[in-house]
Amino acid sequence: MAIGDDAQHRAFARYVLPELEVVARVARSLVRDKAEAEDLVQDTLLRAFRSIDGFDGRYPRAWLLTIMRNTHINRTRRRRPDLYDDPDRAMAELADPAPGAADPGEIVAGDAFDSVVEAAFSKLPERYRRVVALVDLDGLSYKETAAALGLPMGTVMSQLHRARGRIRRDLSGAGLEPKGAKK
Amino acid sequence: MRPWRRTADSTATCQEVLRVLQSYLDGELNDLTSQRVARHLGACRRCGLEAATYTEVKRALRRRARGSLEDASLSRLREFGRRLATEGDSASPG
């Protein structure tokens with residue numbers, strides 16, 4: 001049974017609006033173009049509004065991130081039907097760095113540690129960089145990250161841990177890890 | 001994540017801790033396992049340094065300038081969301 005308009009509006013305000021900033025930040029992690037990311041969030045909010053009567057009230061953030069992932073895939077299908085058969089490739093291609101993005105070699109080494117981390121992060125494979133962005137930059141849990149990317153939690157964990165391991169190896173190569181730390 | 005089996009000796013080994021260290025730093029472990037990891041890190045210098053390194057990596061990533069959300073964009077989205085909550089679908093453009 002469909003809920004009434006008032007209940008739909010109240011549910012949207014209760015469950016969706018508090019998550020808006022997180023959803024917007026995740027969109028920016030997934031889609032580099034700012035205007036495209038904003039459009040993606042608007043479409044996600046619309047879909048959430050229209051389907052909120054089917055939401056059980058549990059884990060709103062994960063629910064919204066799943067909607068956003070599906071919305072992103074559908075938007076890609078309309079614009080780039082050649083990518084439709086491989087939505088993960090679509091996610092990766094559309095998240096490629098914009099032209100003119102800083103080359104890791106151009107980063108000014110003000111803070112050596114941060115510079116090495118930045119450079120290591122930038123050269124990570126896209127699938128690793130996405131997971132690190134969502135967990136370490138956007139503060140998502142493993143479960144929320146899995147929902148946003150449509151991946152099993154085990155895959156999120158292994159990609160995240162491997163990505164951080166690479167960053168750590170670069171720090172070691174730059175001589176920036178604490179003395180006595182395990183190699 | 002499965003909790004560790006309780007044993008008479010509650011001290012975790014370095015191998016056990018290193019396997020779950022990143023999950024611990026991400027706050028993804030249950031309380032019992034977290035406590036055992038924390039006890040080990042407090043007593044083991046090498047594992048403690050490993051934890052410190054990964055913690056600093058996480059902090060550096062947070063400090064990273066992301067060119068993240070502009071205030072204007074977030075303001076537009078908040079207004080869009082507010083209008084959806086009060087006016088419904090009719091508030092959506094085109």
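Quick caveat, the model's predicted, so the values are computed rather than measured. First the proteins, then the strands, lettered A, B, ... as listed; each starts at 1. Keep in mind that the numbers below use all heavy atoms, side chains included, and drop hydrogens, waters and symmetry copies.
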Give the minimum heavy-atom separation between [X] and [Y], together with the two atoms involved.
X	Y	result
B/S73	A/E38	OG-OE1, 3.0 Å
B/L74	A/A24	CD1-CB, 4.3 Å
A/R164	B/D26	NH2-OD1, 2.7 Å
A/Y142	B/S23	OH-CA, 3.4 Å

> How about A/L17 and B/L84: do any of their side-chain heavy atoms sit closer than 4.5 Å?
Replying inline: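 The answer is no, as the side chains (C-beta and beyond) never meet within the 4.5 Å cut-off.
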
> Would B/R78 and A/E21 count as a side chain to side chain contact (heavy atoms under 4.5 Å, CB included) if you check the C-alpha gap in whole Å, the side-chain angles of each, and the deciding distance to 0.1 Å?
Replying inline: CA-CA 8 Å; B/R78 283 196 174 124; A/E21 184 166 347; 2.9 Å; yes

From [X] [atom1] over to [Y] [atom2], what is the distance, rounded to the nearest 0.5 angstrom?
X	Y	atom1	atom2	answer
B/E56	A/D114	CD	CG	8.5 Å
A/F113	B/R59	CZ	CZ	10.0 Å
B/R62	A/D138	CZ	CG	10.5 Å
B/L77	A/L40	CG	CG	10.0 Å
B/E28	A/M153	CD	CE	6.0 Å

Residues, nucleotides or ligands: over 12 heavy atoms within 6.0 Å of [X] [atom1]:
X	atom1	answer
A/R162	CZ	no
A/D56	CG	yes
A/F55	CZ	yes

>> With clusters defined by side-chain heavy atoms of hydrophobic residues (ILVMFWY) lying less than 4.5 Å apart, directly or transitively, does A/F49 cluster with A/L46?
In response: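 Cluster IDs for A/L46 and A/F49 match.
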
> Is A/Y59 linked to A/L149 within one hydrophobic cluster, defined over Ile, Leu, Val, Met, Phe, Trp and Tyr using a side-chain heavy-atom separation of less than 4.5 Å?
Replying inline: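 In one cluster: no.
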
At a heavy-atom separation under 4.5 Å, does [X] approach chain B through its side chain, its backbone, both, or neither?
X	result
A/V23	neither
A/L45	both
A/V16	neither

> Are the side chain of A/Q42 and the backbone of B/F80 linked by a donor-acceptor contact shorter than 3.5 Å?
Replying inline: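 Not confirmed, A/Q42 side chain does not pair with B/F80 backbone.
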
